[in-house]
Structures are given as C-alpha cells and as structure tokens.
Amino acid sequence: MSDFITIKKRTHYCGDVNGAHIGEEVVLMGWTHRRRDHGGVVFVDLRDREGIVQVVFNPEISASCHEEAQRIRSEYVLAVKGLVRRRPAGMENPDLKTGEIEVLAHDLEILNEAKTPPFVLDGTAEISENVRLKYRYLDLRRPELQKNLILRSRVAAATRDYLQRAGFIEVETPFLTKSTPEGARDYLVPSRVNQGQFYALPQSPQIFKQLLMISGFDRYFQIVKCFRDEDLRADRQPEFTQIDVEMSFITEEDIIRIMEGMIAHIFKTCLGRELPLPFPRISYREAMDRFGKDNPDLRFGLEIRELTDILQGSGFKLFAEIAAGGGVISAIRVADGKGLSRKDLDDFKDYVAQYGAGGLAWARVVPDGWTSPIYKFLTPGEVGAINERMEAREGDVLLFVADSPNVVRDALGNLRSHLAKKLGLIAPGAMAFTWVTDFPLFEYSETEKRFVSTHHPFTSPVLEELPLIETDPGKVHARAYDLVLNGSEIGGGSIRIHRKDVQTQIFKALGMGDEEVSSKFGFLLDALEYGTPPHGGIAFGLDRLVMLMAGAESIRDVIAFPKTQKATCVLTDAPSPVSVEQLMELSLKIVT
RNA sequence: GGGGUCGUAGUUAAGUCGGUUAUAACGCCGGCCUGUCACGCCGGAGGCCGUGGGUUCGAGUCCCAUCGACCCCGCCA
C-alpha cells in the first residue's frame, strides 16, 4: 500500500495494546499468526514477542487494505496502522491478553512475504526435534520458547543485579586457555602462531577466579560459557553457562548464606515466588543412605532403608551370599501399592537392570504376611523385622535390591524417581532445594585405578583430616557443598586450597608426578606463594536453573541454538570439514 | 563404546497375516462467506514409506546394513 512505514514508527508491541489505548491510532509490526478471511471482513492475528492482537480489515474502512489483506498468508511480516477499539459486545476473546480490544486497520504494508512454514507455530502439534532444530529460527518464534529465553534473560539480569549490589565485580576470563588434566575431556583449539600447540576451551574458569582472589578482587562473578567434550543428556550440553562466583576471607557459611539470598532473589524477581530460607542441608553420607544419590530429589518420600543386618543370615541363599560377599540388601516401600501390577513389577526389574542390578525382589504386605516370591525363604521373625524397619502396612509394596553397595544405591536411587513420576507423587510446581555437604575429598576410580577428586583438585580438605591423605585418602572430607533442586545439581562449590604445601600434597595424592604438576599447574603453585587469601566459591548451572524454573523438559528448550545429542548443529551443519589450506596453516593433518 | 524408542504427504499420526489405487487430521492451493478467533462450507493438489542391500511371484510391512532424532548406561573434576 503506502510507504507509511518509512515515515511512521511502530508505536506499540502487539501484545501490549489494551483497553487503555481505545480510541488511539497505533502502528503495529509483527508476524501473521493466523488469518481468518470471511470474504467481507478479514481478521489477522498479528504476533510479536509480547503477544497477539487481532487486526480487522473491513472494506468499509479501507477497500484497498481489505483487498491487500487477501494476499496475507501465515508468517507474512506486516505493518499496520489502525484505530484501537473495544470489541463488539460478546466478541471479546478471554484467551488473549489483548482480547478486550481489536485494531481496525486503515493502512497496511506487507513488509515481507514468507514461505509456508514447515510446521504451525501455534504449539498445538508436537513437532519432532529434528525439524524444530533445522528451523530453529521458526521454532524460536513460538511463544513458549520466547517465554523461556525471556525468563533466561531476566534470571541473568537478576543475578547481575544481586551480585553487583553485594559488591561482586564481574571479570571476564579467557576462552583460549590451557588444557589441564583431571575432569572432563577438553575442546581443543589449534594455535596457528605456535604450530603443533593447542589451547583448550575452559571447562570452567576455576583457576582464573582463584587467581583473581590472589589479585585482591575479593568478590568476583561472571556469567560465562564453559565447554566439556562429553556425551550429551537431556540436561547436558557441550557448551553451557555458569554463574561463577568466588570470594575471599569467607567460610562455607558465608557463601551458602549469600548464594541462598541470590537464588531467592532470582525466584522472587523472575517468578514472583518466595523461597523459604535457609534451605535444608543434608550430608553426602545421609543423602546416599536415604536417597541413593548425592543429588537427592526431596519432593517425595520413598526413602531407601538398608536391611542387610536383618537378612545376612537369611535362609534365602541369594541374600545371604550377597551379604557375605560385602554386598548390601536395601528396599523402598511404596505406600498403598495395590495399583502396581505384576507387569509394573517386571518393568521395575528391567529398569534397575540398567544400573547393574541383577534382580528386583518384591513383596505385597497382606494381613497374614506377604505375597512374594521370596516369602517362603524367610522366617516370620525376618518378615516382622523388615516390616518394622520399613514401617510397612497392609497394602504396601516393598521393593528389594541386593547387590554391591554402589549398585544398590544406584538402582534404588533411580527407581525412587521413576516410581515417583509413575505414581504421580510429585506435586506440580514443587521446588525442593537442599544443600549437600560433607563430601569425600576423593573417590576411587575403578577405571583409572586411582583416587580422583570428587569435586576438583583445588578443593580444600578438612584440615584436621589432612594426615589421612597419606594413609586413608577415602576418609578425608572436602570443604565442598552442592545445591540440589528437585534432584538436579544446580550448583556446586568449595573452599579452595590457599596454601602451596597443601595443594602440592593433593596433586601428589592424585598420582601426579612433580614434572606434570609443574608443567600443568606450576603457575598456580607460584601464585599461591605470593600472599593468597583464604577463599572459596561456587558455580551454578544457569541452563539447568532456568530449565527447572521454566518447567522445561530439556535443556535445549532454554538454549537459543542448542546441539543435538551427537553434538552437532542441524541448523548450521557444524561441525564440518575445513579446507586443506586451513589445515596446512595450522600444520594439522587428518589421520583417520 | 553399549542398551532402548522412533523415522510413512509440509506437519502429526494410522496402515491388520506380506497382496489390487498407501489412509486420516491439520497445513497448503482454488472458490464461497461481514464478527471470526484452532472461523465455517465446497472443491483440489500433495508420497523415493530415511537410505542401501536381501528374502519373496509380490515388501511401508520380514531380514541385514547404514544414516538421522530422542531417552538411558558408561562418561560428565
């Protein structure tokens, strides 16, 4: 139509027009969400990031606009000038934020046409991930994803706001940095200037933030990308974002208090939700015993109880043998488990099998004992003792796993969550936070045949336990803490080692030789000698936090351009081969 | 590295025991329609059944391989 767009500016977002604008002339720009052509009158739902408003093209208002409006198709980009008016009585649409009004168009410019999109953007159909990712720019037009990314932006803003007020200084650290042993596989970047040598993308800015403490910044934070070349999961991407925090002259209590405040501030600002503080705390040991995991989901019960002492001398040979071989027998109780079918119980057996459990025994508690394949092997005393420990009542179902301690924890820990979902035990919208504390400093790695850090090698041990490092490293505790939300680890941190002698001792305990230590971490050990303050910190997974806040099923739904499970980008087709010239410049050769 | 689910029209799905022309809904195209809002009505187009091989008189369907998406184990200080 006219080129009014070049003279007129947009006056409002589509979703922002409301009853207060009745009688005003507005200029709107946006995408055609849907068109309803009644022959005489044409309705267009115009959409932008703030929402949808109905635009009416009536030939009695503008015959030329009405004619032009016939051309409009889905996702055409429009500029519309028109009069905001109250909808005729009975024509209001309560499903729309703008449903009280409509815009009577008297000028229209089609700013751009659009091919028919490969999927409808109204969110009514479940589109396959493949198609969504290939047309990510269209998927991102969907209000649901826009909402997630807007929430993400607000979370980041609330974080900065809180931390700036609390005296934290945002400092950027390098992405092109040094590959270090321990931890995840590094993403490597070849150096052209230094042929045959490589940078690594940071798995976290860990060492840099400690150096900033040595530099005296006292309180540092950064919202920063981290990179780990490991396999993906529904809540794991190879590049992800951390809220990274470090403080000097503090203790665990200071960090926990300030960070609880930050999380509460984020929830208040972004979701309007008050979180009760302080968050509960649970020791690593207790979390493992009661929930089988160091990231326990506290939204439901189904706690694990160990029965080894009752069953070690049992007439049920399998149990007795497992107990004699250092294994354990544990169970969880499903209250009122009548709804669980025989098939369900079989499915649970398959479910725990993936965690290495050889079997799953079950028992239904009935008035005169149990209905159970193992009932005949047990004495009434054993059954009674188990019922008592499990607090079992008639109608309950008990689920037993007997195996090595690790397998039993894994199997029952995961079965808990599986059951809770299946039985609908999780209250919608529940947010169960807990700190997990008193981690072991080391864990023994069967694959590497040595002790590895539970958190990372810079975590301070509990100093009184330091002597145990030589004799019984598995017994030493770390000054570390994780924050868990709904069974997801959303943050973790520790008080760091600020003494060179302690740091050296830890590297040694991890099996690193002097030469390796000095080539990989020499700069850190040097720095520790120049007046390092006691310090500690924490890092939160921003993606996971937003995912949980948004109620998203996948981390991909809170990342604008995520990778597929094979770590590729379907949209850009990355990664991809490079030219021989590029390789030569880097003195690289593809050998496979 | 391993286990599983899936792949049929643009999209989402159905497709029986291997058998004639592969269905439906939405979307798309054309027509009609002045109050719809997942508008309605009439008509129409649209398919390398992921790909390659095999079995068979005959394969969307059975077998093998392969590619891709997703979920999980391992891995992720």
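Per chain, numbering begins at 1; letters A, B, ... match sequence-line order.
Under 3.5 Å, the side chains of A/Y220 and A/Q222 contain a donor-acceptor pair of N or O atoms.
Distance from the side chain of A/E60 is smallest for B/U34 among the nucleotides B/G68, B/C28, B/U34. When the nucleotides B/G10, B/C33, B/A38 are ranked by their closest atom to the side chain of A/N93, B/A38 comes out on top. Of all nucleotides listed (B/U12, B/A69, B/G35), B/G35 comes nearest to the side chain of A/P88. Ranking B/G68, B/A38, B/U34 by closeness to the A/R34 side chain, first place goes to B/A38.
Taking atom CG of A/N58 as the reference point, atom C1' of B/U36 lies 13 Å away to the nearest angstrom. Distance CZ (A/R36) to P (B/G27): 12 Å, rounded to an integer number of Å. For A/H66 and B/U36, the NE2 to C1' distance is 13 Å, given to the nearest whole Å.
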Let me have the donor-acceptor pairs involving side chains of residues 505-516 of chain A, under 3.5 Å, with sequence neighbours excluded, atom names and distances please.
none

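Base-pair partner of B/U61: not found among the strands shown (Watson-Crick or G-U wobble, both distances under 3.5 Å). With a 3.5 Å ceiling on both atom-pair distances, the Watson-Crick or G-U wobble partner of B/G40 is B/C32. Figure legend. B/U56 is base-paired to no nucleotide; pairs are counted as Watson-Crick or G-U wobble with both atom distances under 3.5 Å. If you check B/G46 for Watson-Crick or wobble pairing at under 3.5 angstrom, you find it has no partner at all. Remark: B/U5 base-pairs with B/A69; criterion is Watson-Crick or G-U wobble with both hydrogen-bond distances under 3.5 Å.
Where stacking is scored as ring centres under 5.5 Å apart with planes under 30°, A/H38 registers as stacked on the base of B/C39. Using a 5.5 Å limit on the distance between ring centres and a 30° limit on the angle between planes, the aromatic ring of A/F119 does not count as stacked on the six-membered base ring of B/U11.
Not a single side-chain hydrogen bond (donor to acceptor under 3.5 Å, both in side chains) links A/D403 to another residue, sequence neighbours left out. Listed by chain and residue number, A/K500, A/L525 satisfy the side chain to side chain contact (heavy atoms under 4.5 Å, CB included) test with A/T504 (two or more places apart in sequence, or in another chain). In this structure, the ring-ring contact (aromatic ring centres under 6.0 Å, His included) partners of A/F175, at least two apart in sequence or on a different chain, are A/F227. A search for side-chain hydrogen bond (donor to acceptor under 3.5 Å, both in side chains) contacts involving A/T564 returns A/T568, not counting sequence neighbours. Take A/Y199 and apply the ring-ring contact (aromatic ring centres under 6.0 Å, His included) test, not counting sequence neighbours, and it matches no residue.
At distances below 3.5 Å, at least one donor-acceptor pair connects side-chain atoms of A/H66 with backbone N or O atoms of A/G39.
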For nucleotides 5-9 of chain B, list the nitrogen or oxygen atoms of the protein found under 3.5 Å from its nitrogen or oxygen atoms, one pair per line.
none

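Between the side chain of A/E92 and the base of B/G35, no donor-acceptor pair under 3.5 Å is found.
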Which letters describe nucleotides 70-76 of chain B, given B = protein heavy atom under 4.0 Å from base, S = only from sugar-phosphate, - = neither? BBSBBBB
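Note on A/R450: nothing from the nucleic acid sits closer than 4.0 angstrom, heavy atoms only.
Legend: side chain to side chain donor-acceptor pair (under 3.5 Å) pairs involving residues 472-483 of chain A, not counting sequence neighbours, sorted by first then second residue: A/E252-A/R479, A/H455-A/D482, A/E465-A/H477, A/D472-A/K475.
At least one side-chain nitrogen or oxygen of A/T568 sits closer than 4.0 Å to the OP1 or OP2 atom of B/A69. Here A/R73 does not reach the OP1 or OP2 of B/C28: none of its side-chain N or O atoms lies under 4.0 Å away.
Ring planes of A/Y137 and A/Y135: perpendicular class, angle over 60° (limits at 30 and 60°).
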